[in-house]
Amino acid sequence: MRSLFQACYHYRRLASFPCAAEAASPANGYEPWRRYISTSTSKVLPWEASSRETLLRKIDSGMKDGNVEEALQSFGNYKKLHGLPEPQVLNSMIVSLSYMSSRRWLQRAFDMVLSVHQINSNLLNCDSLMKLALALARDQMPVPASTVLRIILESGKLPDVDLLSMVFLHMLKSQVGSYLVSDVLIETCESFLDQVADRREMKKLDPIKNSATLFNMVLESCVNFKCIIKAQKIMELMSLVGVVADVNTVVIASHVFEMVGQRDELIQMKRSIDSLTSLPFLQHYQHFYDSLLSLHFKYNDMDAAAKFLINLHQQRKPSVFFCNGLQKQGAIQIGSGNLKTGYKIMFDPGKVDRGFILGRESQFGLVVLTDGNLLHTEKALAKLIAGCVKSRNMHTLSNLFIMLHKEDIDVISLRDVVNACIQMGWLHAAHDILDDLESAGIQVGIASYISLLRAYEKENKSEELNGLLQQIQKISSVMDDIRTNSPFTIKNIAKIVKDEIPLTHSSLFAALAEEMKHYNPGEHLTLEFNNSILFFCKAKMMEDALCIYKRMREQNIWPTSYTFCHILCGYSSMDMHREITMLWGEIKRRLEYGELDVDRDLLDCLVLDFLKGGYFSRVMEVIGYMSKHNIYCDKWKYRHVFLKLHRNLYRNLNSLHNKTEAQNKRIEDVRAFRSWAGIR
């Protein structure tokens with residue numbers, strides 16, 4: 001009896017030292033003291049069993065009765081005395097805490113998961129963790145929610161795709177949540193792909209392959225927050241996983257391509273869409289056509305824009321999908337189809353998730369769906385007129401009007417176009433249009449000629465005035481709104497014309513005036529340079545990409561964040577970390593002078609590349625910049641990369657003697673990162 005009391009006394013003394021408990025903890029993570037106490041026998045002592053059962057009963061009753069504080073206190077006592085409880089008890093507590101409405105208990109559940117994960121993550125159950133992640137996401141705690149999802153992925157298990165979609169849906173409501181969701185989706189896809197060793201295991205990809213909506217949600221958030229590097233990575237992973245996309249994917253992918261300026265990809269998509277026998281869900285394709293037309297204008301390619309409008313009005317495909325097995329799949333080409341680095345996403349034109357809601361209005365307001373047909377808007381016409389006038393390409397504009405007239409497509413008022421040009425002061429442009437239409441045998445009406453005549457008179461352009469008078473005299477015989485064939489002069493014009501309509505400000509004139517406020521004649525040069533740089537970076541031809549960038553600077557064309565994103569991704573694909581340090585110097589200088597917009601995606605990739613290359617001074621420099629400008633840093637991701645590549649780097653810092661100044665600085669940088677990331 002006395003020996004039993006002595007054993008109890010020594011046990012209580014040892015239990016008061018947490019470090020002793022940790023040192024004695026076995027690999028499985030629970031009940032470390034049983035091995036210490038029961039050295040002479042394998043049986044559990046009576047007093048130990050009583051303590052275990054009592055604490056477990058308290059945990060169980062506390063959770064059932066809603067006395068969470070008591071249950072957590074009992075759990076803490078159990079952990080001190082016996083280590084972690086069995087997985088069933090542990091996961092039951094996590095699930096119960098997940099159902100609590102208070103954020104306080106959700107935080108405690110998350111803390112519990114972190115502590116268990118550090119000891120033995122095998123005790124955690126994937127289902128209970130998914131329930132906790134969903135609860136955290138619903139309560140708008142995106143960072144803990146993403147951490148729980150990453151713990152699941154680290155265990156080698158794949159989360160349930162339906163639950164994952166629900167978690168993402170709640171996380172995407174915030175900007176930080178959107179950043180984290182894109183990273184978690186990328187990590188999830190890579191986990192799926194890592195588990196597929198050969199084609200026989202492709203069925204493992206089925207859960208995520210059939211979840212186009214999951215990718216659509218994340219891609220849309222990338223577009224909203226301009227995370228273009230992430231968006232491009234996700235689209236590449238969709239191709240590798242074999243996701244069969246839907247019409248919503250076509251819309252979002254077109255937005256991504258438009259933002260980057262990848263017009264060739266959109267043109268290839270158009271060829272694929274034009275080859276389809278029918279176009280159901282036409283309201284969705286409206287967004288695609290809107291993006292393509294926007295890029296035609298941004299590239300200042302008025303010929304392509306005019307041809308696009310003609311094709312748009314000629315195209316009359318049935319909008320009803322006939323499920324007869326003849327409708328083929330469409331394709332979204334990413335990168336050049338001639339390069340080995342290219343990717344292709346197949347999409348089903350008859351498939352759309354109606355629960356995924358896209359805005360009714362097109363992003364740029366250039367294409368509209370009217371009475372079941374896609375038509376251009378007045379804004380699109382204004383952009384075309386302004387572009388043709390500024391590039392002195394009126395022949396293209398006139399050809400558009402002539403082609404539409406021949407096809408009996410009455411969607412543009414020629415009188416309004418001529419009058420709007422006159423009101424904008426583009427008299428020669430208006431005269432060119434009248435000449436071209438006259439040559440094609442198309443009547444505009446005498447009123448437009450008279451308006452141009454009066455404008456010439458007001459501007460004291462006598463030569464143009466007399467020439468136009470003679471022109472009116474020649475065509476007067478075929479015009480219905482002229483009284484006589486007598487000679488024309490500026491003085492008797494009022495008597496000759498039956499109904500002279502006064503020149504009033506039209507809606508087209510207002511659209512032209514608005515367009516000229518935002519007209520940027522050099523925008524197409526930036527896009528063309530960026531597109532060339534992107535092509536060479538994808539092909540891993542970095543010398544050619546840098547030559548284009550050098551030429552860009554020589555012509556005083558400012559690079560955009562996309563310029564540096566393309567170069568960074570090119571360097572990163574070739575592990576050229578030293579070159580990335582020089583690129584960061586250029587980026588930092590332009591940021592300081594306000595010549596470059598802050599891009600969180602770009603800075604995030606810089607941190608990852610510097611971590612991979614071991615440039616810890618640059619790592620802390622970029623992190624410091626992000627912190628200074630309140631840009632979210634994904635500490636878990638950076639810590640994970642560090643532990644994967646540099647876990648034992650300078651582990652015994654004090655064992656290094658006779659260190660150089662450079663070594664001392666490097667050690668300080670590693671220490672600074674370890675401290676910031678919470679790595680012991």
Handout entry: Salt bridge Glu265-Lys344, side-chain N to carboxylate O under 4.0 Å
Key = no
Practice task
Check step by step if side-chain hydrogen bond (donor to acceptor under 3.5 Å, both in side chains) holds for Asp246 and Thr249.
Solution key: CA-CA 5 Å; Asp246 63 5; Thr249 315; 3.0 Å; yes
Please output the side-chain donor-acceptor pairs of residues 134-148 that fall under 3.5 Å, not counting sequence neighbours, one pair per line with the distance.
residue, atom, partner, partner atom, Å
Asp139, OD2, Arg103, NE, 2.9
Gln140, NE2, Ala137, O, 3.3
Gln140, NE2, His170, O, 2.9
Ser146, OG, Pro142, O, 3.3
Ser146, OG, Val143, O, 2.8
Thr147, OG1, Val143, O, 2.9

Problem - More than 12 heavy atoms from other groups under 6.0 Å of CG on Asp597 - result: no
Problem - Side-chain ion pair, Arg553 and Glu586, N-O less than 4.0 Å - result: yes
Exercise for the section: Please answer whether the main-chain N or O of Leu596 pairs with a side-chain N or O of Arg590 as donor and acceptor at a distance below 3.5 Å. Expected result: no
Exercise for the section: Establish, from distance only, whether the side-chain atoms of Asp353 and Asn216 form a donor-acceptor pair under 3.5 Å. Expected result: no
Problem - Given Ile273, Asp274, Leu266, the one that forms side-chain contact (heavy atoms from CB on, under 4.5 Å) with Lys270 - result: Asp274
Problem - Where at least one partner belongs to residues 622-631, residue pairs that pass side-chain hydrogen bond (donor to acceptor under 3.5 Å, both in side chains), sequence neighbours excluded - result: none
Practice task
Output yes when Lys588 and Glu621 qualify as a salt bridge under the 4.0 Å nitrogen-oxygen rule, no when they do not.
Solution key: yes
Exercise for the section: Taking Ser272 for its side chain and Gly330 for its backbone only, find out whether a donor-acceptor pair lies under 3.5 Å. Expected result: no
Exercise for the section: Could you tell me whether the side chains of Gln268 and Asp264 share a donor-acceptor contact shorter than 3.5 Å? Expected result: no
Practice task
Give the intermediate values and the outcome of side-chain hydrogen bond (donor to acceptor under 3.5 Å, both in side chains) for residues Gln286 and Asp290.
Solution key: CA-CA 6 Å; Gln286 167 193 349; Asp290 188 65; over 6 Å; no
Handout entry: Salt-bridge present (Arg589, Glu592; N to O < 4.0 Å)
Key = no
Handout entry: Parallel, tilted or perpendicular: ring planes of Phe616 versus Phe642, cut at 30 and 60 degrees
Key = perpendicular
Handout entry: NZ/NE/NH1/NH2 to OD/OE distance under 4.0 Å, Lys131 and Asp127
Key = no
Can you give each donor-acceptor pair under 3.5 Å made by side-chain atoms of residues 602-611, sequence neighbours left out, with the distance rounded to 0.1 Å?
residue, atom, partner, partner atom, Å
Asp604, OD1, Lys637, NZ, 3.2
Asp604, OD1, Tyr638, OH, 2.6
Asp604, OD2, Lys230, NZ, 2.9
Asp604, OD2, Lys637, NZ, 2.8
Asp609, OD1, Ser572, OG, 2.7

Handout entry: Under 3.5 Å donor-acceptor, Arg600 side chain and Tyr632 backbone
Key = yes
Handout entry: Other residues, nucleotides, ligands: >12 heavy atoms within 6.0 Å of Lys226 NZ
Key = no
